[in-house]
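Note sheet for the following structure.
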Amino acid sequence: QVQLVESGGGLVQPGGSLRLSCAASGNIVSINVMGWYRRAPGKQRELVATIQSDGSVRYADSVKGRFTISRDNAKNTVFLQMDSLKPEDTAVYYCNADLFVMELRIVSYNVWGQGTQVTVSS
């Protein structure tokens with residue numbers, strides 16, 4: 001069974017920093033895209049950042065220059081360094097991955113983590 005487990009959320013003051021981590025586990029053959037999404041209260045889930053297996057990245061305009069996504073391919077882990085946090089960054093952050101798993105054959109899955117709360121408030 002493949003799963004994504006997030007950690008690193010919490011309460012931080014405006015201007016502060018947090019680092020989120022997401023580790024994929026299971027009989028993983030390879031991971032293509034890994035990414036972070038968020039859902040703020042009363043809003044739809046939105047893309048925050050994604051990173052391809054070759055390291056190419058994409059950011060939402062609202063986080064460019066403040067957030068940095070990275071990954072450790074050897075550990076099947078993706079990170080989100082969040083700096084200069086604003087109250088509008090408050091949301092549940094979800095990890096997502098497109099990956100290939102060895103079952104009776106190689107099967108592709110798109111998997112979501114359970115989410116981690118980030119609250120930016122003074």
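Only heavy atoms go into these numbers, but all of them, side chains included; no hydrogens, no water, no symmetry mates.
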Do Ser53 and Ser30 come within less than 4.5 Å of each other through their side chains, counting heavy atoms only?
no

Taking Arg38 for the side chain and Ala91 for the main chain, is one N or O donor matched with an acceptor at less than 3.5 Å?
no

With sequence neighbours left out, what residues match Tyr37 under ring-ring contact (aromatic ring centres under 6.0 Å, His included)?
Trp112

Heavy-atom closest contact (Asp54 atom, Ser56 atom, distance):
OD1-OG, 2.8 Å

Thr90 side chain vs Glu88 backbone, donor-acceptor pair below 3.5 Å
no

Test side-chain contact (heavy atoms from CB on, under 4.5 Å) applied to Val33 - qualifying residues, sequence neighbours left out:
Thr50, Gln52, Asp98

Hydrophobic clusters join Ile, Leu, Val, Met, Phe, Trp and Tyr when side-chain heavy atoms are under 4.5 Å apart, directly or via other members; which others share one with Leu104?
none

Please report the closest heavy-atom contact between Leu20 and Met82, naming both atoms and the distance.
CG-CE, 3.8 Å

Side chain proximity check, Asn96 to Trp36, heavy atoms < 4.5 angstrom:
no

Can you sort out the partners of Val12 under side-chain contact (heavy atoms from CB on, under 4.5 Å), two or more places apart, ordered by chain and number?
Leu18, Leu85, Val120

Assess Arg71 against Phe79: is NZ or CZ under 6.0 Å from the centre of the six-membered ring, and within 45 degrees of the ring's axis?
no

Just wondering, do Val111 and Leu99 contact through their side chains at under 4.5 Å, heavy atoms?
yes

Where Glu6 and Cys95 come nearest, the two heavy atoms and their spacing:
OE2-N, 2.6 Å

Applying side-chain contact (heavy atoms from CB on, under 4.5 Å), name anything that partners Val5, two or more places apart in sequence or on another chain.
Gln3

Should the pair Lys86-Asp89 be classified as a salt bridge under the 4.0 Å nitrogen-to-oxygen rule?
no

All heavy atoms of Gly9 vs all of Val118, minimum pair found to be CA-CG2, 4.2 Å

If hydrophobic clusters are built by linking Ile, Leu, Val, Met, Phe, Trp and Tyr wherever their side-chain heavy atoms come under 4.5 Å apart, do Tyr59 and Tyr93 end up in the same one?
yes

Any idea which heavy atoms bring Gly35 and Ile69 closest together, and the distance?
CA-CD1, 4.2 Å

If you link ILVMFWY side chains whenever their heavy atoms are less than 4.5 Å apart, which other residues fall into the same cluster as Val29? By chain and number, please.
Phe100, Met102, Ile106

So, for Val92 and Gly115, which heavy atoms are closest and what is the spacing to 0.1 Å?
CG1-CA, 3.9 Å

